[in-house]
Amino acid sequence: MGDDVEEMARRAVKEIERKDRRHKIHKYRDCLLGSDIVSWISRQRDGGKTRSKRESVEVANEWQRRKYLIHVSDSRKAVEDSSSAFYRWSSPPSATSSPSPSSPPTSAACAEEEESASGSGSAYNPLLLHFMEDPRRLEVFAESCRSQLSTTDTKIGFKEYKDVFSGDDLTTWVLANSPVPGITRAHAVAAAGSFLEVNLVESVLKLGVVRDAVDAFYRFGDRLRFKAECLKQRHHQKKMGLAMRDEGLKPKYPVILVPGLASSALEVFESDTKPDWIRTRVWIDPMKIGNLQKAQAIQNKATKVKDRLAKKAQKHVPSEHVDLLLHSDKNRDALSRVWLKHMVLAEDGFSDPPGIRVRPVPGLHGCDFLGEGKFDKKPSYVLGFLIEALCNFGYDTNNLTAMPYDWRIPPEKLEERDRYYTRLMRQTELMFDVNGEKVVLVGHSMGNRCLQYFFAWVEKHSPGWCETYVQSFLAMGAPFLGAPKVVRSVVSGDQLGLDMFLLLKEGLAMARANASLPWLFPLREEDYPNDVAYCVDGPQEQWTSHDVQGMINKASPRSWGFYEDFYLNSDLFLAGGKALDSSPILTRPPVNIWCVYGVNLRTEVSYYFASDPDKPAHFSLSAAADHLSYQKCAQNPGGIKIKGGMGFETRRTFQETVGYEICGDGTVPYASLQYPRVWMEDAKKNGKSIEIVEIEGADHRDMLSEDVLFYVVLTFLSGSSISFDVHKDK
């Protein structure tokens, strides 16, 4: 960068003003402003020239990458040219080369937002420097802390917390076990703060800082998140794929991705009513849905833009894109009905409606982001961030592809209409031939159901095919026993996790009209902590338990008909349902299985519906059942939490299937996620392996954007293995 970055940092320590600053209720000690940092750098000559703002920000971020400089509340945050962005010197060259009491402060974790009683938070910290010289030292020290520090149960307000420890306990342990002699208690607090940065510990009250106090409580975080964060810090990388590549790992197995429910983009190939929609996306495009809050928000923004431009030009500013947003409420409703007409299939649940043909967008582009616009792309992510991590790791079009599908139709019709499973079979064979390695088939959510069906289908037509071509089945958030949430979708409606884009009534219409939803109806209801459905017909005096068949038949007989036609009687799914545990869908696939899913997020498992006497087959969730929350009784046999007519399993829910307290990933219950455990013995006898990795606090959809998932997936795909027992705390 011209001027030596290290030498510039030495001068900057002496010349850039730093002082105590306040932001809202917090006080930050010895801070620099982002705008002051950028301005100072821009004044330094580079080969006789003044640096631009962009170049100055690049230099500042190089300091941040080298740990010279850190943001006061997030050490990973980049430097911004802003007077409201506060930074501190962490370990600049001057401190490293000649430490002295006047050296700059050490870490964001070192200085609490409140004024420290010790008053020495900004002193030179030999323990933090010891960790910075070799990041592996912090990993070893942190693991020792996890194994040695005692935990206890405590109550804060009305809420109980298990396995926690105080900030005082943590600081005392660090002080007693420091590998560097002579540190102070303030040094220990700062070093304990670094545990937060690498996800070793977390504050139960989300403080974001370690307080040396007996009433500030913390608990150990997820081991996988800790290892993933340490890996990135070790290689000074922000992207997990790049960090793992720097670790010396590389892709071993070719990959085919299969997305979940509502996770393949759909485009129009024929439309009598909207010919201008042909070869454009209908799933999902807010401008086509019309009647939804996202379109309304964009409309408001567009109105302001149009008014501003018109005022500036003193004349009307025509804009087809803006005008499209400025529909009246009546027109938006009409547009919404047109969109639904394109999304909802014919009466049989799988045929195209007259004059309309909608098909999935092929390849990686069909399941990275559902939206393509500036405002709707990122909120509509599916596998886009995972695909980015795979590319950073070294994957390309020779060893990575995806197989999106029309998630509205049942599996046998996917093959009949689109030859989907035939194409998946041929694509797998091609990837094998090109790479000389067996292929890993990766599914998310309902994509795993799709792959289970594929394994049964391909073995029926070509016995032994899986052994030849498939290395492993990598199941992310797999609903092996279905998901009760689908019952709610069919009975009272659901927005499919796309609340920004889909109205409840639109979700209900799609759920009842498309024959794919029954693919996820719950199986083995006895494995769940509560009955799936309760209902009252009339005055809400007594809740009556209903099995899935009974509840679905009451609300949507058509949906139950789809279930019988395409699933219950399918010889590749339930084969009549007489021997459920030996049915194809609950039989172990003939391949290695790698399961990755989140745990300990509140997850729907039960519903309390009230019917509307004036509207047949119209049901809604009833909060009248909320008084049964946590009460073990006939209407709540599991004693689970009930809120808003929904029953939830929580981290305190006892799971009969495994014998300890735990819950699911926010969408799929734990019993469904962990079902492959029952296959482990059979897999071992047949020379196959089943690996199960549970990620604390990983949400069913959100985990698709998290580094911890990328760490697990890329580790598997490199041919390595997770290096510790993820169940050791159970």
Legend entry - side-chain hydrogen bond (donor to acceptor under 3.5 Å, both in side chains) partners for E681, two or more places apart: none
Inset, instruction - Indicate yes or no for a side-chain donor-acceptor contact from W457 to the backbone of L572 under 3.5 Å, with no hydrogens or angles considered. - result: no
Legend entry - Y608/F619 aromatic ring centres below 6.0 Å: no
Legend entry - Centroid separation F521 to Y567 less than 6.0 Å: no
Inset, instruction - Indicate the atoms forming the closest heavy-atom contact of V439 with M431, along with that distance. - result: CG2-CB, 3.8 Å
Inset, instruction - Assess the pair F573 and F566: is the distance between their ring centroids shorter than 6.0 Å? - result: no
Legend entry - Test side chain to side chain contact (heavy atoms under 4.5 Å, CB included) applied to A575 - qualifying residues, sequence neighbours left out: P584
Legend entry - Single hit among V487, L517, V486 for side chain to side chain contact (heavy atoms under 4.5 Å, CB included) with I552: V487
Legend entry - Flag if over 12 foreign heavy atoms under 6.0 Å of CD, E656: no
Inset, instruction - May I have the step-by-step check of side chain to side chain donor-acceptor pair (under 3.5 Å) for Q674 and E694, ending in yes or no? - result: CA-CA 9 Å; Q674 65 82 45; E694 297 177 353; over 6 Å; no
Inset, instruction - Could you tell me which residues satisfy side-chain hydrogen bond (donor to acceptor under 3.5 Å, both in side chains) with S351, sequence neighbours excluded, listed by chain and number? - result: D348
Legend entry - Qualifying residue, where the test is salt bridge (charged side-chain N to carboxylate O under 4.0 Å, His left out) with E604 and the options are K641, R488, K643: R488
Legend entry - D352: which of K341, R357, R359 passes salt bridge (charged side-chain N to carboxylate O under 4.0 Å, His left out): R359
Inset, instruction - Determine, for Y381 and R701, whether the Lys NZ or Arg CZ falls below 6.0 Å from the six-membered ring centre while staying within 45 degrees of the axis. - result: yes
